Amino acid sequence: EVLSQLSVLRRVIPWALLAFMAAAAIATLSWFRAQRSRLAAQQLQREKDELALRRRVEYLTGHSNDIILMSHTNGRICEANDRAIEAYGYSREELLQRRFPDLFSAAGRRVFFADLKEVLARGSVRRDAEHRRKDGSHFPVEVSARATDVDGERQWQVIIRDLTERKRDE
């Protein structure tokens, strides 16, 4: 009788092992699918969050009453909001071909280079200045500039408030 039980076990054990391995493989596959699905859902949520953030930033800068510019440390403008285009009279393409000092009046340009040294030393500066539009007309502004790092590159964030109405009211 022991021999017959051993004979049965010899036939059943391989099938039991095969069934166990199949179940383990199915469980592992299900786990991998669940992980992949979870990671895909997380990636989708990150992309949605990044898009929402990008839209909020675009709204903030695009609908700002202030001029917002980003420039490389060599002064070349690399980003401008809609208010900048409206205030200076340049197209976006023309403005992105300009250097920040090109927007100052001749007197303001001298102050700009002194301010640049202060930004390098302190990290930021705020000054009144006079800027020049594409048509050559001048207008008073308050310039707030800050050094910042964007993707490992040093840049200037510049927020400019047009003081024309305030000066006229004074």
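Values in this document were obtained by computation on a predicted structure and should not be read as measured data. The figures here come from the full heavy-atom set of this structure, side chains too, leaving out hydrogens, waters and symmetry mates.
Taken to the nearest 0.5 Å, the CG atom of Leu69 stands 9.0 Å off from the CG atom of Leu96. Note: Leu39 CG to Leu44 CG = 12.5 Å, rounded to the nearest 0.5 Å. Summarising the geometry, atom CZ belonging to Arg132 is positioned 8.0 Å from atom OG belonging to Ser105; distances are rounded to the nearest 0.5 Å.
Counting heavy-atom neighbours within 6.0 Å of Asp169 CG, excluding the residue itself, gives a total above 12. By the 6.0 Å contact criterion, CG on Asn65 is open, its count of non-hydrogen atoms from other residues, nucleotides or ligands being 12 or less. Around atom CZ of Arg38, more than 12 heavy atoms belonging to other residues, nucleotides or ligands sit under 6.0 Å away.
Checked against side chain to side chain contact (heavy atoms under 4.5 Å, CB included), Glu94 has the following partners two or more places apart in sequence or in another chain: Tyr90, Ser91, Lys134. Scored by the side chain to side chain contact (heavy atoms under 4.5 Å, CB included) test, Glu142 finds Arg126, Asp128, Arg161, Leu163 as partners (sequence neighbours excluded). For Glu153, the side chain to side chain contact (heavy atoms under 4.5 Å, CB included) partners two or more places apart in sequence, or in a different chain, are His72, Gln155. In terms of the side-chain hydrogen bond (donor to acceptor under 3.5 Å, both in side chains) criterion, residue partners of Arg133 (sequence neighbours excluded) are, by chain and number, Ser137. Residues passing the ring pair (Phe, Tyr, Trp, His ring centres under 6.0 Å) test with Tyr59 are His63, sequence neighbours excluded. Partners of Ile68 by side chain to side chain contact (heavy atoms under 4.5 Å, CB included), not counting sequence neighbours, listed by chain and number: Thr61, Ser64, Asn81, Ile159. Remark: Glu165 pairs with no residue by the side-chain hydrogen bond (donor to acceptor under 3.5 Å, both in side chains) rule, at least two apart or across chains. For Asp149, the salt bridge (charged side-chain N to carboxylate O under 4.0 Å, His left out) criterion is met by Arg154, not counting sequence neighbours. Residues that satisfy the side-chain hydrogen bond (donor to acceptor under 3.5 Å, both in side chains) test with Asp102, not counting sequence neighbours, are absent from this structure. When the side-chain hydrogen bond (donor to acceptor under 3.5 Å, both in side chains) test is applied to Gln157, no partner is found at least two apart in sequence or on another chain.
Residues Val143 and Met70 do not share a hydrophobic cluster, clusters being chains of Ile/Leu/Val/Met/Phe/Trp/Tyr side chains in contact below 4.5 Å.
Here the side chain of Ser30 pairs a donor or acceptor atom with the backbone of Ile26 at under 3.5 angstrom. With Arg92 contributing its side chain and Ala80 its backbone, the two residues share a donor-acceptor pair below 3.5 Å.
Side-chain contact between Val125 and Arg146 is absent, with no heavy-atom pair separated by less than 4.5 Å. For the pair Phe139 and Tyr88, the minimum side-chain heavy-atom distance is below 4.5 Å.
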*Give the intermediate values and the outcome of side-chain contact (heavy atoms from CB on, under 4.5 Å) for residues Arg76 and Arg98.*
CA-CA 6 Å; Arg76 186 175 180 130; Arg98 299 258 174 246; over 6 Å; no

*Any chance you could lay out the side-chain contact (heavy atoms from CB on, under 4.5 Å) test for Asp66 and Arg83, step after step, and finish with the verdict?*
CA-CA 7 Å; Asp66 291 330; Arg83 180 68 179 107; 5.9 Å; no

*What's the verdict on side-chain contact (heavy atoms from CB on, under 4.5 Å) for Asn74 and Trp156, showing C-alpha distance, side-chain angles and the deciding distance?*
CA-CA 10 Å; Asn74 66 6; Trp156 308 117; over 6 Å; no

*asked:* Go through it in stages, so that I can follow the logic: the residues are Leu103 and Leu95, the test is side-chain contact (heavy atoms from CB on, under 4.5 Å), and I'd like the CA-CA distance, side-chain angles, deciding distance and then a yes or no.
replied: CA-CA 9 Å; Leu103 303 177; Leu95 198 52; 4.1 Å; yes

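The ring-ring contact (aromatic ring centres under 6.0 Å, His included) pairs that include a residue from residues 25-45 number zero, where partners must be two or more places apart or lie in different chains. Applying the salt bridge (Lys or Arg N to Asp or Glu O under 4.0 Å) test to residues at least two apart or on different chains, none of the pairs has a partner in residues 47-62.
The minimum heavy-atom distance linking Gly75 with Pro101 is given by the pair O-CD, 4.2 Å.
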